[in-house]
Amino acid sequence: MSLRRDEQTDTLFRSILALESVEECYRYFEDLCTNKEVRDFGQRLEIARQLDAGSSYQQVAEATGVSSATIGRVKRCLDYGPGGYRMVLNRLQNEEDAR
């Protein structure tokens, strides 16, 4: 399940890369997405972080309140996806270690 690569999607990603702060992200994503969509993105990243740290599906479900289907999808992406979660989790960890 790959994203379709096209000019419109490239422009979207370039627009995100142009953001310079968390505050700018809040402003842009409030315009771009619904509150639920942003919460869902954050929740999926938290699921990936917990799974990567060794938490079980049950532990993740209890901590986040999400369905096992969502946890399973994130787990499949971690294990078999193109590596986006892993890349971001590593960068966030490196950023945290540098503090």
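Any value given below was found using the heavy atoms of this structure, including those in side chains, with hydrogens, waters and symmetry copies removed.
The CG atom of L92 sits 10.0 Å away from the CZ atom of R49 when rounded to the nearest 0.5 Å. Note: L12 CG to E7 CD = 11.5 Å, rounded to the nearest 0.5 Å.
Nearest heavy atom pair, residue C25 against residue L19, reads SG-CD1, 3.7 Å. Between T34 and E37, the shortest heavy-atom contact is N-OE1, 2.8 Å.
Connection of Y28 to Y26 is not established within any shared hydrophobic cluster, with ILVMFWY side chains joined at heavy-atom distances below 4.5 Å, either directly or through further cluster members. Follow the hydrophobic side-chain contacts under 4.5 Å out from Y80 and you never reach V74; the two are in separate clusters. Follow the hydrophobic side-chain contacts under 4.5 Å out from L45 and you reach M87 in the same cluster.
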What do the steps show when you test E95 against R99 for salt bridge (charged side-chain N to carboxylate O under 4.0 Å, His left out), and what is the final call?
CA-CA 7 Å; E95 196 176 277; R99 290 185 199 162; 3.4 Å; yes
Could you give me the CA-CA distance, side-chain angles and deciding distance for F29 and I16, then say whether side-chain contact (heavy atoms from CB on, under 4.5 Å) is met?
CA-CA 9 Å; F29 278 83; I16 294 168; 4.0 Å; yes
Please step through salt bridge (charged side-chain N to carboxylate O under 4.0 Å, His left out) for the pair R39 and E46, ending with a clear verdict.
CA-CA 10 Å; R39 280 194 316 273; E46 177 58 19; over 6 Å; no
Before you tell me yes or no, could you show the steps for L89 and L78 under side-chain contact (heavy atoms from CB on, under 4.5 Å), namely the whole-Å CA-CA distance, both residues' side-chain angles and the distance that decides it to 0.1 Å?
CA-CA 10 Å; L89 291 172; L78 272 172; 4.2 Å; yes
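Side chain of Q43 to backbone of T64: a donor-acceptor contact under 3.5 angstrom is found. Side-chain N or O atoms of Q50 include none that pairs as donor or acceptor with a backbone N or O of I47 at under 3.5 Å. Checking side-chain atoms of D52 against main-chain N and O of A48 turns up no donor-acceptor pair under 3.5 Å.
When the shell of 6.0 Å around CD of E24 is examined, it contains more than 12 heavy atoms from other residues, nucleotides or ligands. Environment of OH in Y57: crowded, with over 12 heavy atoms of neighbouring residues, nucleotides or ligands closer than 6.0 Å. The number of heavy atoms from other shown groups lying within 6.0 Å of CZ (R5) does not exceed 12.
Contact of the L51 side chain with the Y85 side chain is not registered, since no non-hydrogen atoms from C-beta on lie closer than 4.5 Å.
Residues T11 and R14 bring a donor and an acceptor atom of their side chains to less than 3.5 Å of each other.
Between D31 and R27, no side-chain nitrogen of the basic residue sits less than 4.0 Å from a carboxylate oxygen of the acidic one, so the salt-bridge criterion is not met.
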